[in-house]
Structure formats: C-alpha cells, structure tokens
Amino acid sequence: MSISDRVRVNGVTVLSDDWYILKKTDFSFRRADGTWQQQSRETYDRGNGATILLYDRVRRRVILTRQFRYPAFVNGHDDLLIEAPAGLLDNAEPETRIRAETEEETGFRVREVRQIFDAFMSPGSVTERLHFFVGEYEPGDRAGQGGGNEQEGEDIAVLEISIEEALNMVSSGMIRDAKTIMLLQYAALNIFTAASPTLEDKPC
C-alpha cells in the first residue's frame, strides 16, 4: 500500500553534510481522519547496510566481532561492543558487500550466503535499511586475520563461540547490539534446533 499521496514535502534543510547527511524536513501528513497536519522531522542518512551471522551447524558455533563504538561508549557502554560483521553498502549489492566486509573484518571467505530479511533499525530518525544474511562456514574457510580497515579506525577482534554462549551473553547484557541479537535469535529458532546434526552425525 502506497502512502505517497498522504505526504507533501514543503521544505528540506541540510543541517550537516560531514560524515553522513543530516536533514530537517517540513512536511504535511494527511491523517487517518482526512485532515492535514504540519510536521517537522530530522533524518540521518548514512546509507543502507548489510550484516551476517556466520555459523558452523555441526560444531554449534558462530563468528562474532568485538570493537570500539564511540556512540555506545558515550551512552554509558564502558566496554567494546560485540557484534555480527556488518558494513554499509556503498552502492554495492547487499550480497557483494557483505562478502567483502566479512573477509575484511573476520578473515573468513564465505561460500554461500542467504538473505533472511531486511529491517529499518531506527526508523524514528535514521533512514538506514539493513539487509540480514546468514552463511555457513568451516574452520578452513579462514583466508586471513581480519581485523578491519585500520585507515577507517577499525581495530576488530574475532570471536568464535558456541550458540549457547552467545545467547547467554545476550541474556546477561554482554551482547547489546540489536542486529546481533536479531541474528542470534533467528539462528536459535531456525538453525540450531533440536534436529540439528551433532558431531556424531557428521558424515565422514
């Protein structure tokens, strides 16, 4: 259902165009009762992105990263943030970008990836739509050390932990990143089920 006929943009002001673009927009919105209401909103446009959970179904393990995030730090998170690999699309297709970002951050060269959904992560003010992927890996798929892009200030550690430990870290508050929590919950419901193969079930 389109709502474009319910929105009339009256004016747009660019407030900042430094790291990304911050705009203030004045618009009219036609409410459900048919009346038009004047509104004003600020939107932060940083582009769209992609994220992925690498998983080893047989060993029941996942790959996560740990890095410094200043916005989280300034809001009271006095620790490094544990996350799934992610990055902005930068005009690339989501699958192409997440493959490159995964190898850059973790060193793992992904073979097959599957998009499971996309979501607006903070639709009240941020325009970003995030594409969520999952991909299976084996220890031999690691082609490098990862660590991210030093020129962009990245200093990323790679974590390989069990799905049980990861879920416990969500419950304890050690994992607070929304995209990572969403991916881990998806994996718990759809990948690491009771019917998942065990080490004994793995074919020789």
Side-chain angles (χ1 to χ4, degrees), residues 1-53 64-65 67-102 104-105 113-135 148-149 151-154 156 170 173 175-187 189-190:
M1 181 177 106
S2 173
I3 62 164
S4 58
D5 61 342
R6 297 176 62 183
V7 180
R8 294 175 181 169
V9 175
N10 303 318
V12 179
T13 303
V14 176
L15 302 178
S16 176
D17 188 0
D18 185 7
W19 193 248
Y20 300 113
I21 302 174
L22 177 64
K23 297 178 181 179
K24 177 182 179 181
T25 302
D26 296 309
F27 63 95
S28 303
F29 180 73
R30 193 178 73 212
R31 298 173 60 85
D33 63 5
T35 61
W36 288 90
Q37 183 180 37
Q38 302 299 311
Q39 298 188 24
S40 179
R41 295 289 184 274
E42 291 183 6
T43 54
Y44 190 55
D45 185 354
R46 59 191 303 271
N48 295 325
T51 184
I52 190 170
L53 183 69
L64 299 175
T65 65
Q67 61 181 307
F68 177 66
R69 295 292 199 182
Y70 182 75
F73 171 75
V74 79
N75 197 25
H77 185 70
D78 191 14
D79 200 350
L80 303 179
L81 208 62
I82 298 174
E83 306 178 42
L88 296 178
L89 299 186
D90 293 330
N91 298 316
E93 290 299 314
E95 181 176 330
T96 301
R97 190 68 197 105
I98 200 58
R99 286 179 179 277
E101 193 70 27
T102 301
E104 182 180 286
E105 289 192 6
V113 300
R114 178 166 57 92
Q115 184 166 351
I116 50 176
F117 51 78
D118 64 68
F120 292 99
M121 299 303 292
S122 188
S125 57
V126 182
T127 62
E128 180 185 24
R129 173 182 283 177
L130 194 61
H131 299 266
F132 287 74
F133 290 86
V134 292
N149 188 327
Q151 284 68 42
E152 295 178 0
E154 294 179 334
I156 298 173
V170 173
I175 294 179
R176 294 181 172 180
D177 176 64
K179 65 181 180 295
T180 306
I181 294 171
M182 293 165 72
L183 282 168
L184 290 172
Q185 291 291 346
Y186 176 89
L189 292 172
N190 298 280

Which atom pair, heavy atoms only, marks the closest approach of [X] to [Y]?
{"X": "Val170", "Y": "Leu184", "result": "CG2-CD1, 3.8 Å"}
{"X": "Ala86", "Y": "Ile98", "result": "CA-CD1, 4.3 Å"}
{"X": "Thr180", "Y": "Ala84", "result": "OG1-N, 2.8 Å"}
{"X": "Ile156", "Y": "Glu105", "result": "CD1-CG, 3.7 Å"}
{"X": "Ser40", "Y": "Asp26", "result": "OG-OD1, 3.1 Å"}
{"X": "Pro94", "Y": "Ala50", "result": "O-CB, 4.1 Å"}

Spatial distance of atom [atom1] ([X]) from atom [atom2] ([Y]) [nearest 0.5 Å]:
{"X": "Phe133", "Y": "Arg99", "atom1": "CZ", "atom2": "CZ", "value": "9.0 Å"}
{"X": "Leu15", "Y": "Lys24", "atom1": "CG", "atom2": "NZ", "value": "7.5 Å"}
{"X": "His131", "Y": "Glu95", "atom1": "NE2", "atom2": "CD", "value": "12.0 Å"}
{"X": "Gln185", "Y": "Asn190", "atom1": "CD", "atom2": "CG", "value": "10.5 Å"}
{"X": "Thr43", "Y": "Arg46", "atom1": "OG1", "atom2": "CZ", "value": "14.0 Å"}
{"X": "Leu53", "Y": "Arg114", "atom1": "CG", "atom2": "CZ", "value": "11.0 Å"}

So does [X] have more than 12 non-hydrogen atoms from other groups sitting under 6.0 Å from [atom1]?
{"X": "Glu93", "atom1": "CD", "answer": "no"}
{"X": "Tyr70", "atom1": "OH", "answer": "no"}
{"X": "Phe29", "atom1": "CZ", "answer": "yes"}
{"X": "Asn91", "atom1": "CG", "answer": "no"}
{"X": "Asp33", "atom1": "CG", "answer": "yes"}

Can you list everything that forms a salt bridge (Lys or Arg N to Asp or Glu O under 4.0 Å) with Asp79? Sequence neighbours excluded, please.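 Per chain and number, Asp79 pairs via salt bridge (Lys or Arg N to Asp or Glu O under 4.0 Å) with no residue.
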For the backbone of Leu81 and the side chain of Arg176, can you confirm whether one donor and one acceptor N or O come within less than 3.5 Å of each other? no
Pro71 backbone acceptor or donor facing Asn75 side chain under 3.5 Å: no
Please evaluate residues Ser16 and Asp18 with respect to the criterion side chain to side chain donor-acceptor pair (under 3.5 Å), reporting the C-alpha separation (whole Å), side-chain torsions for both, the decisive distance (0.1 Å), and the verdict. CA-CA 6 Å; Ser16 176; Asp18 185 7; 5.6 Å; no
Can you name the side chain to side chain contact (heavy atoms under 4.5 Å, CB included) partners of Leu130, sequence neighbours left out?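 Expected list: Thr51, Met121, Glu128, Phe132, Lys179.
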Take Tyr44 and Leu22 through the side-chain contact (heavy atoms from CB on, under 4.5 Å) test and state the conclusion after the steps. CA-CA 5 Å; Tyr44 190 55; Leu22 177 64; 4.1 Å; yes
Qualifying residues under side-chain hydrogen bond (donor to acceptor under 3.5 Å, both in side chains), relative to Arg6, sequence neighbours excluded: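 Listed in chain order: nothing, the list is empty.
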